[in-house]
Amino acid sequence: MSDRILTVRVARIARETPDILSFELTHPQGRPLPDHAAGAHIDVHLPGGFVRQYSLARASVQGTRSYLIGVKRETQGRGGSASMHARVREGDLLPVSAPRNNFPLRREAAHHLLLAGGIGLTPMLAMAQSLRAQGGSFTLCVFARSREHLAFAASLGDPALRPFVRLHIDEGKVDERIDLHALLAAQAPGTHAYLCGPTGFMAAVRDAAAASRWPEEQMHAEYFAAPAESAPLAGRPFALRLTQRGIDVPVAADQSAVDALRAIGIDVPVSCEQGLCGTCVVEGEGQAAEHRDFCLTGAQRQHKVALCCSRAKGDALAIAL
Ligand code: FES
């Protein structure tokens, strides 16, 4: 997790949909909070010992008086969202990390296509607000089952954003679903697409992108959970070469690099331990790695490695530790 921990007060809890609550978090003494770029998230330390990452749903346009997060109650989850819904009340104090951003807007994009499924709207809303404030070119496509399941409806209806928002509400009908392939194929060259949402939505967009030959470096994704088909942690044993220390650390077949380092007293900061958040990423010999993360771009993978999940392709992997 991030080394910098702040304490925030839960200033307001609002029901967004039957299964999503929004939480507005402020400094306990009313001071400004650390600024962040759109796409950032914070780690929230929850009652029950859970630590969960939540995207910030509001851009830091003119200073940051509060953080806004949305939490969907996951019935099949690991307990974090249930704890947030059942145990956190207005007025409570919560430890959170300073904002971190693995999902930034790309300056080089000629147009930004923001694709938000369900609760995946949270980082996209901050991106849309930020782009609107900067005069950037963007479209925010929001996919929801029904109007009842549309979170942050008031923000989407803001007159400043409304002209850039496309709502896709399918009411669960297959024939009402948008043709993602056609949507992507209609974009101008130089468009960057950003996607965030449930795993089925992410897979559908990825499939459409592959069918449209969408350039990989122009597609950016923020996952809430590792896709079901992701590779298991285990693999072949290998040597983790620590170039700054000049030692090799053996990583067993059923061990992660983080665990192997921990066993010899080297603590690497971690948060999600699923390859999602980027906390454990270090510089390293990326081309020698079997990357199993969901947070690094193709270019970053040339020289970075997420230690919680990635392994060596061969017998050894050198990292800058
Ligand atoms: S701890 Fe989150 S990517 Fe490794």
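The structure displayed is predicted, hence computed values, not measured ones. Numbering of ligands and ligand atoms starts at 1, following listing order.
Separation of atoms CG (Asp19) and CD (Glu74) is listed at 8.0 Å; rounding is to 0.5 Å.
Between Arg58 and Glu24 there is a salt bridge, with a side-chain nitrogen of the basic residue lying less than 4.0 Å from a carboxylate oxygen of the acidic one.
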If you look only at distance, which donor and acceptor atoms sit under 3.5 Å apart when one is on a side chain in residues 150-163 and the other is two or more places apart or in another chain?
| unit_1 | atom_1 | unit_2 | atom_2 | d |
| --- | --- | --- | --- | --- |
| Asp158 | OD1 | Ala160 | N | 2.8 |
| Arg162 | NH1 | Gly157 | O | 3.3 |

Compile the donor-acceptor pairs under 3.5 Å between side chains in residues 238-248 and protein atoms, sequence neighbours left out, one pair per line.
| unit_1 | atom_1 | unit_2 | atom_2 | d |
| --- | --- | --- | --- | --- |
| Arg241 | NE | Asp248 | OD1 | 2.9 |
| Arg241 | NE | Asp248 | OD2 | 3.4 |
| Arg241 | NH2 | Asp248 | OD2 | 3.0 |
| Thr243 | OG1 | Ile319 | O | 3.0 |

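Here the protein contributes Cys272 SG, Cys277 SG as N, O or S atoms under 2.8 Å from atom 2 (Fe) of ligand 1.
Aromatic ring centres of Tyr67 and His36: separated by under 6.0 Å.
Shown here are the ring-ring contact (aromatic ring centres under 6.0 Å, His included) partners of His112, two or more places apart in sequence or in another chain: Tyr194.
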